Amino acid sequence: MQAAVCARLEGPDAITLDAVARPLPGRGEVLVRVHAAALNFPDLLMTRGSYQFKPALPFVIGMELAGEVVGLGEDVSGVHEGARVIAGAKTGACAEFAVVAAQSLLPWPWSWSAADAAAFRVGMTTAYHALVHRAEVARGETVAVTGASGGVGLATVQLARHRGARVLGLSGSPDKWPVLKPLVDAIIDVRDPAFATRVKEATDGRGADVVVDTVGGNVLERCVRAAAPGGRIVLVGFASGSAPALASNHILIKRLSILGARAGEASRTEPSIAADYAQVLPQLMTAGLKPIIASRRPLTGVADGLRDLDARRAAGKIVIDLVND
Ligand SMILES: NC(=O)c1ccc[n+]([C@@H]2O[C@H](COP(=O)([O-])OP(=O)(O)OC[C@H]3O[C@@H](n4cnc5c(N)ncnc54)[C@H](OP(=O)(O)O)[C@@H]3O)[C@@H](O)[C@H]2O)c1
């Protein structure tokens, strides 16, 4: 089968389209014919060896996909060949076939395209874990989201609004704001060193009740100033490449809660969180929370797609099409 393979830790330039053996499903796993996969920032980090999970080389790119089950491993129940599924894995999605844990499967809604289905899982799972499990966001609160035009950022914006929050999209890429604008109450430019003041102006001087940060670096440092007294800051990622030390005096004086969020790890270690995803994510699909797609590329376009993430060009998710739908 054809797959987008990373054989050297040299970033997107080292990705090649190779013929590799079709994987075999083991105990608790299923084989899926991939209709579409989607790219995520951690895929980019993995090509450089700078993500916390370091797959053995060579590895196939890709953490999420939609497709059709074509084979069952041992001890798999509740799923049948021919089922249309959404699935997650640590690697392996950007290939004609992928092996995934049966436990990770979600139903692929009939009314959704393969692209919509492939691009839903990572963003919405991360948004749900950050906003609901960690920040426990309440209706009427103000949520500020950094990296708001990225894949996780847009899913967080969508979910925050769906749960009745007022949403501030913090972004530094005006060319992507037309995508963000209809989804938020206001856009605040994070290139402005005084963006925390802009957040306060947009919240009657209080600051945001919840800040979900996907960027890190000096954006996160300033988010501490942008948070309301008693606010919660959820650390989701460091797309800027820097994980800063935070001013503990501000955290103490403002009685802030700093919360870490790891959506995948939480479900692997806490069964109640995995059960919650299985119940809630299909409800969010039914409610129409489709991912925002920035672009679609063929399997040969994985390296270019990761370059787009690297250059901060994508307003939403980059989808890799394997089967024309
Ligand atoms: N904790 C978890 O469970 C989890 C799960 C998945 C992903 N993540 C992390 O979440 C982050 C976002 O992932 P993603 O897939 O959504 O990536 P993405 O689509 O590339 O979005 C990242 C966004 O961050 C902003 N950004 C990027 N570089 C920046 C810089 N140097 N300075 C300021 N802003 C910058 C950009 O938004 P603007 O252009 O709008 O400013 C960009 O669109 C990554 O750090 C990823 O590792 C965490």
Side-chain angles (χ1 to χ4, degrees), residues 12 37-48 50-53 61-64 88-90 118-135 144-159 168-181 183-184 187-193 195 212-223 233-244 259-270 273 277 291-295 305-319:
L39 300 180
N40 290 280
F41 206 82
D43 297 318
L44 174 67
L45 297 177
M46 277 187 243
T47 68
R48 299 193 169 123
S50 50
Y51 191 55
Q52 58 258 28
F53 171 65
I61 303 289
M63 302 166 59
E64 61 181 336
K90 287 187 167 177
F120 173 80
R121 193 174 187 283
V122 171
M124 195 52 72
T125 307
T126 307
Y128 191 82
H129 184 54
L131 287 173
V132 180
H133 294 145
R134 303 303 283 139
V145 181
T146 70
S149 74
V152 170
L154 282 167
T156 306
V157 159
Q158 288 175 298
L159 182 62
L168 305 178
L170 274 54
S171 167
S173 304
D175 50 321
K176 298 190 271 175
W177 290 355
V179 173
L180 188 56
K181 200 163 180 226
L183 304 171
V184 295
I187 295 176
I188 290 170
D189 190 344
V190 290
R191 295 170 304 169
D192 177 354
F195 79 75
V212 177
D213 179 51
T214 66
V215 170
N218 62 19
V219 170
L220 173 56
E221 285 166 355
R222 290 167 185 156
C223 284
I233 299 180
V234 190
L235 310 185
V236 166
F238 305 103
S240 66
S242 143
L259 304 160
R262 287 182 73 190
E265 188 61 17
S267 68
R268 284 186 284 276
T269 52
E270 293 182 47
I273 286 186
Y277 291 160
I292 311 291
I293 310 286
S295 62
L306 292 179
R307 286 186 195 102
D308 278 354
L309 291 187
D310 202 17
R312 206 170 156 180
R313 280 191 288 263
K317 301 287 294 194
I318 297 174
V319 169

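When a ligand or atom number is given, it counts from 1 through the structure's own listing order. Keep in mind it's a predicted model, so treat the numbers as computed, not measured.
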Check ligand 1 against the protein and report each N/O to N/O distance under 3.5 Å, formatted as atom name, atom name, distance.
residue	atom	partner	partner atom	Å
ligand 1	1 (N)	Val236	O	2.9
ligand 1	1 (N)	Ala261	O	2.7
ligand 1	3 (O)	Ala263	N	2.8
ligand 1	15 (O)	Phe41	N	3.0
ligand 1	16 (O)	Gly151	N	3.2
ligand 1	16 (O)	Val152	N	2.8
ligand 1	19 (O)	Gly151	N	2.9
ligand 1	32 (N)	Arg312	NH1	3.3
ligand 1	34 (N)	Arg312	NH2	3.3
ligand 1	39 (O)	Ser173	OG	2.4
ligand 1	39 (O)	Lys176	NZ	2.9
ligand 1	39 (O)	Arg312	NE	3.1
ligand 1	40 (O)	Ser149	N	3.4
ligand 1	40 (O)	Ser149	OG	2.6
ligand 1	40 (O)	Ser171	OG	2.6
ligand 1	41 (O)	Gly172	N	2.9
ligand 1	41 (O)	Arg312	NH2	3.0
ligand 1	43 (O)	Lys176	NZ	3.1
ligand 1	45 (O)	Phe238	N	3.1
ligand 1	45 (O)	Ala239	N	3.4

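- Evaluation of the side-chain hydrogen bond (donor to acceptor under 3.5 Å, both in side chains) rule for Arg48 yields Asp310 as partners, not counting sequence neighbours.
- When side chains are defined from C-beta on, Pro291 does not count as touching Met124, because their heavy atoms never get closer than 4.5 Å.
- Considering only heavy atoms from C-beta on, Asn40 comes within 4.5 Å of Lys317 through its side chain.
- For the atom pair CZ of Phe41 and CE of Met63, the computed distance is 12.5 Å after rounding to the nearest 0.5 Å.
- Considering all non-hydrogen atoms of both residues, Glu64 and Arg121 come closest at OE1-N, 3.2 Å.
- Using cut-offs of 30° and 60° for the angle between ring planes, the Tyr128 and His133 rings count as perpendicular.
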